[in-house]
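Read the structure below first, then the notes.
Each ligand, and each atom within it, is numbered from 1 in the order the structure gives.
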Amino acid sequence: KRLSRQEDVPRILYYVQRSKEHHWCCAEVTFYCSDQLLCNQWVQALQRRLDLQGVRPKNLLVFINPFGGKQLGKHIYDKKVAPLFQLASITTEVIVTEHANHARDHLAEVDLRIYDGIVCVGGDGMFSEVIHGLICQTQKIAGIDQNDPNSKLVACSLRIGIIPAGSTDCICYATVGVNDPVTSALHIIVGDSQPMDVSSVHHNNTFLKYSVSLLGYGFYGDVLKDSENNRWMGPSRYDFSGFKTFLSHQCYEGTVLYLPATETLGNPRDESRCTAGCYVCQYSGKLLDLSNNKQELKHVEEDWKVVKGKFLAINAANMSCACSKSPMGLSPAAHLADGTIDLILVRKCSRFNFLRHLIRHTNKDDQFDLAFVEVYRVKQFIFTPKYSEEDNIDIRDIGKNLFGQFCSDHPACGCSQVNSNWNCDGEIIEHAAVEVRYVLFCCLELSG
Ligand SMILES: CCCCCCCCCCCCC/C=C/[C@@H](O)[C@H](COP(=O)(O)O)NC(=O)CCCCCCCCCCCCCCC
Ligand SMILES: Nc1ncnc2c1ncn2[C@@H]1O[C@H](COP(=O)(O)OP(=O)(O)O)[C@@H](O)[C@H]1O
Ligand SMILES: [Ca+2]
C-alpha cells in the first residue's frame with residue numbers, strides 16, 4: 001500500500017471481519033494503482049476467484065415480514081442488508097408480505113430453480129412459514145404424502161437465510177450465536193451453510209406442522225396463546241404473558257411415550273455445545289441412518305418408554321433454543337443437526353421451584369438438576385392428554401379464567417381439566433394429542 005497520488009485509480013476491497021462475540025462486520029481497504037489496465041486485471045482475477053467458489057449465492061428471493069418483532073423488518077433490510085447484498089453483486093427479488101402465510105403459499109407454488117436461496121426477514125414464525133412452503137413444494141414434486149407419519153421426506157435443496165427482525169429470533173441466535181442483521185447478511189453473502197433438524201407434528205395420522213426450534217406444551221403453549229392477544233406490545237408481550245402464565249401455575253395431566261435416541265453421540269446433560277462443523281452432528285447423522293436401515297431390514301422392536309403424570313411444561317427442543325432471554329437456551333447441549341430432539345418434562349411443583357427452574361435458564365446453573373425436571377434425547381414422542389379433546393372443546397366454551405378450569409375432583413390441586421396447546425416455533429397448534437418425530441434436515445445459509 002502506498003500513498004495515493006492524484007492520478008492513481010482508487011479501488012475498494014470489502015471483506016468480512018470478525019468482531020466481538022460472534023459478530024461479523026464489513027471492513028474495507030482501499031488500493032491505489034496508477035496503471036488502469038493492471039488495476040482492472042486485479043479486479044477481474046479476484047472476481048474470477050470468487051465466482052469459482054460456487055457456494056456464494058447470486059440470486060435470492062427475500063421475504064420481509066413488516067409486522068414481526070418491533071415492526072422494523074423493512075427498515076432493517078433496506079438500511080443494513082440490501083446495501084451489503086448490492087456490494088456483493090447479489091440480485092434479489094423482494095416480497096414484503098401482506099398477510100400471514102403469504103410467504104408459505106408463494107413458496108409452495110413458485111418455480112424455485114432460478115434462486116440460489118431464500119432469505120426471510122422476521123422471527124421464528126416467519127422462518128417457519130418459509131420452511132413449510134419449501135418442504136411442501138419439495139414433497140409435492142417428489143410425490144410424498146406428508147400426512148403419512150412414516151413417509152421418508154426428501155430434503156430441500158435450497159438454503160434459507162434468516163435476517164433477525166422478530167421477537168425471540170432463537171433460530172438465528174442458536175445458529176449464528178447472535179441476533180445481528182449485519183452478521184447474518186455476511187454469512188449469507190459468503191455462502192455459509194448449516195444443516196438443521198426438522199421434526200413433523202401429526203395428530204391422528206394427519207400432518208399438522210413442522211418444528212425446528214421449540215415445541216412446547218403447558219407453560220410455553222400458554223405463554224404464546226396469551227401473548228397473541230397482546231401483539232401490539234411487540235417482543236415484551238412474551239414477558240407480560242410469561243409473568244401471567246407463571247402466576248396461573250397450571251399443570252396438565254397426560255402420558256408421554258418416547259423413543260430414546262440410543263445410537264447417537266452425546267446426551268442432553270453433557271458439556272458439548274453445537275458449533276459450526278460439529279462432530280456430534282456429523283457422526284450422529286451417520287449412526288442414525290445405519291440404525292434406521294438395520295431396523296427396516298430386521299423389523300427390530302423399538303424400546304418405547306412411558307412417563308405419566310401432571311406436567312407444568314413439556315418442551316421438545318430440536319436445537320438449544322438459545323436467545324437473548326436465555327443465552328445457553330432451553331437445552332444447552334442440544335444439537336442443530338444430529339437427528340434428535342431433547343424432550344424436557346417439568347412435573348408439577350411449587351411456584352417457587354418452577355421459578356428456580358426458569359431462573360436457571362438465565363445463568364450458568366443447570367436447569368435440569370432439579371428433582372421435578374427430566375430430560376431425554378429422543379427420536380420420536382407421543383403425547384396423549386388425560387382429558388379427551390372433544391370434551392375440552394365444550395369446556396373451553398364455558399370459558400377459562402386466569403386461573404383456569406380446575407380439576408373438579410380436587411379443586412385445590414391446580415391441575416387443569418382444560419388442555420393446553422402446543423407452541424410450535426411460536427405458532428399455536430390447537431390439538432393437545434400429538435405424535436412428533438425427526439423427519440429431515442434442511443440447510444440454513446448461516447453458521448456459527
Ligand atoms: C425469571 C426469568 C425467567 C426467564 C426464563 C427464560 C426462559 C426463556 C426460554 C426461551 C426459549 C425460547 C424458545 C423459542 C421459541 C420461539 O420459537 C418462539 C417464537 O419466536 P418469534 O416470536 O421470534 O417468532 N418464541 C416463544 O415462544 C417465546 C417464548 C418466550 C417465553 C418467555 C418466558 C418469559 C417468562 C417470564 C417468567 C417470569 C416469572 C417472574 C416471576 C416473578
Ligand atoms: N404481512 C403480515 N401480516 C400479518 N402477519 C404476518 C405478515 N407476514 C407474516 N406474518 C405472520 O406473523 C407471524 C409472526 O412473525 P415473526 O416474523 O415470527 O414475528 P415475531 O417474532 O414478532 O412473532 C408469523 O406467524 C407470520 O406468519
Ligand atoms: Ca437436534
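- Here atom 23 (O) of ligand 2 lies nearest to Arg231 when heavy atoms of Arg231, His102, Gln71 are compared.
- Relative ring orientation between His102 and His99 is described as parallel, the plane-to-plane angle staying below 30° on a 0-90° scale split at 30° and 60°.
- Panel note: side chain Gln139, backbone Val154; a donor-acceptor pair is recorded below 3.5 Å.
- Between Ile188 and Leu60 there is a side-chain heavy-atom pair separated by less than 4.5 Å.
- Remark: the Ser167 side chain and the Arg237 side chain contain an N/O donor-acceptor pair separated by less than 3.5 Å.
- Looking only at protein heavy atoms, the nearest one to atom 26 (C) of ligand 2 is Glu129 OE2, 3.2 Å.
- Distances below 4.0 Å separate heavy atoms of Gly123 from the following atoms of ligand 2: 16 (P), 17 (O), 18 (O), 21 (O).
- Here the side chains of Ser184 and Cys172 are in contact, with some heavy-atom distance below 4.5 Å.
- Proximity to Gly166 (heavy-atom distance under 4.0 Å) selects the following atoms of ligand 2: 21 (O).
- Asp369 meets the side-chain contact (heavy atoms from CB on, under 4.5 Å) test with Arg269, Arg360, Asp366; sequence neighbours excluded.
- Residue-level proximity to ligand 2 for Met126 is carried by backbone and side chain together, each with a heavy atom below 4.0 angstrom.
- Residue, atom and distance of the protein heavy atom nearest to atom 8 (N) of ligand 2 are Thr97 OG1, 2.7 Å.
- Looking at atom 18 (O) of ligand 2, its nearest protein heavy atom turns out to be Gly125 N, 2.8 Å.
- Between the side chains of Ser199 and Asn318, at least one donor-acceptor pair of N or O atoms lies under 3.5 Å.
- For the atom pair His22 NE2 and Thr275 OG1, the distance stands at 9.0 Å (nearest 0.5 Å).
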- Let me see the working for Thr91 and Asn59 under side chain to side chain donor-acceptor pair (under 3.5 Å), right down to the final yes or no. CA-CA 5 Å; Thr91 53; Asn59 188 26; 3.1 Å; yes
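- Of the protein's non-hydrogen atoms, the one nearest atom 19 (O) of ligand 2 is Gly68 CA, 3.4 Å.
- At a cut-off of 3.0 Å, measuring from the Ca ion (ligand 3), the protein N, O or S atoms that fall short of it are Asp197 OD2, Asn318 O, His335 O, Asp338 OD1, Thr340 O, waters left aside.
- Ring geometry for Trp422 versus Tyr217: interplanar angle of 30 to 60°, hence tilted.
- The aromatic rings of His357 and Phe354 lie parallel to each other, with less than 30° between the two planes, well short of the 60° mark.
- Counting only heavy atoms from C-beta outward, the side chains of Asp197 and Ile341 never approach each other to under 4.5 Å.
- Checked against a 3.5 angstrom limit, the closest N/O atoms of Thr168 and ligand 2 fall outside it.
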- Query: Where do Asp239 and Lys325 land on the salt bridge (Lys or Arg N to Asp or Glu O under 4.0 Å) test, with the steps shown first?
  - Reply: CA-CA 10 Å; Asp239 299 323; Lys325 285 191 197 338; 3.1 Å; yes
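- Looking at Gly69, Gly426, Pro66, Ala100 and measuring to atom 6 (C) of ligand 2, the nearest heavy atom belongs to Ala100.
- Within the listing of ligand 2, atoms 20 (P), 22 (O), 23 (O) sit less than 4.0 angstrom from a heavy atom of Arg237.
- The Gly122 neighbourhood of ligand 2 comprises atoms 17 (O), with distances under 4.0 Å to a heavy atom of that residue.
- Residue contacts with ligand 2: Phe67 is placed with no nitrogen or oxygen under 3.5 Å of a nitrogen or oxygen of the ligand (distance criterion only).
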- Can Phe381 and Tyr376 be said to form a ring-ring contact (aromatic ring centres under 6.0 Å, His included), step by step? CA-CA 11 Å; Phe381 73 91; Tyr376 307 104; over 10 Å; no
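- For atom 21 (O) of ligand 2, the nearest non-hydrogen atom of the protein is Ser167 N, 2.7 Å.
- Using a 4.5 Å heavy-atom cutoff, the side chains of Arg273 and Pro332 are in contact.
- Contacts with ligand 2 closer than 4.0 Å are made by backbone heavy atoms (N, CA, C, O) of Asp124 only, the side chain lying farther away.
- Separating the CG atom in Leu214 from the CG atom in Leu224 is a distance of 9.5 Å, to the nearest 0.5 Å.
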Review item, side-chain donor-acceptor pairs of residues 66-87, under 3.5 Å, at least two apart:
from, atom 1, to, atom 2, distance (Å)
Lys74, NZ, Asp78, OD2, 2.6

Would you mind writing out a table of all protein N or O atoms found under 3.5 Å from any N or O atom of ligand 1, naming both atoms and giving the distance to 0.1 Å?
from, atom 1, to, atom 2, distance (Å)
ligand 1, 17 (O), Asp124, OD2, 2.9
ligand 1, 17 (O), Ser213, OG, 3.2
ligand 1, 20 (O), Asp124, OD2, 3.3
ligand 1, 20 (O), Thr168, OG1, 3.1
ligand 1, 22 (O), Tyr238, OH, 2.6
ligand 1, 23 (O), Asp124, N, 3.3
ligand 1, 23 (O), Ser167, N, 3.4
ligand 1, 23 (O), Thr168, N, 2.8
ligand 1, 23 (O), Asp169, N, 3.2
ligand 1, 24 (O), Asp124, N, 3.1
ligand 1, 24 (O), Gly125, N, 3.0
ligand 1, 25 (N), Thr168, OG1, 3.0
ligand 1, 27 (O), Asn423, ND2, 2.8

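- At a 4.0 Å heavy-atom cut-off, ligand 2 touches Glu427 through the side chain alone.
- Closest to atom 12 (O) of ligand 2, if we only count protein heavy atoms, is Asn65 ND2, 3.4 Å.
- With hydrogens and angles left out, the side-chain atoms of Ser331 and Asp342 include a donor and acceptor closer than 3.5 Å.
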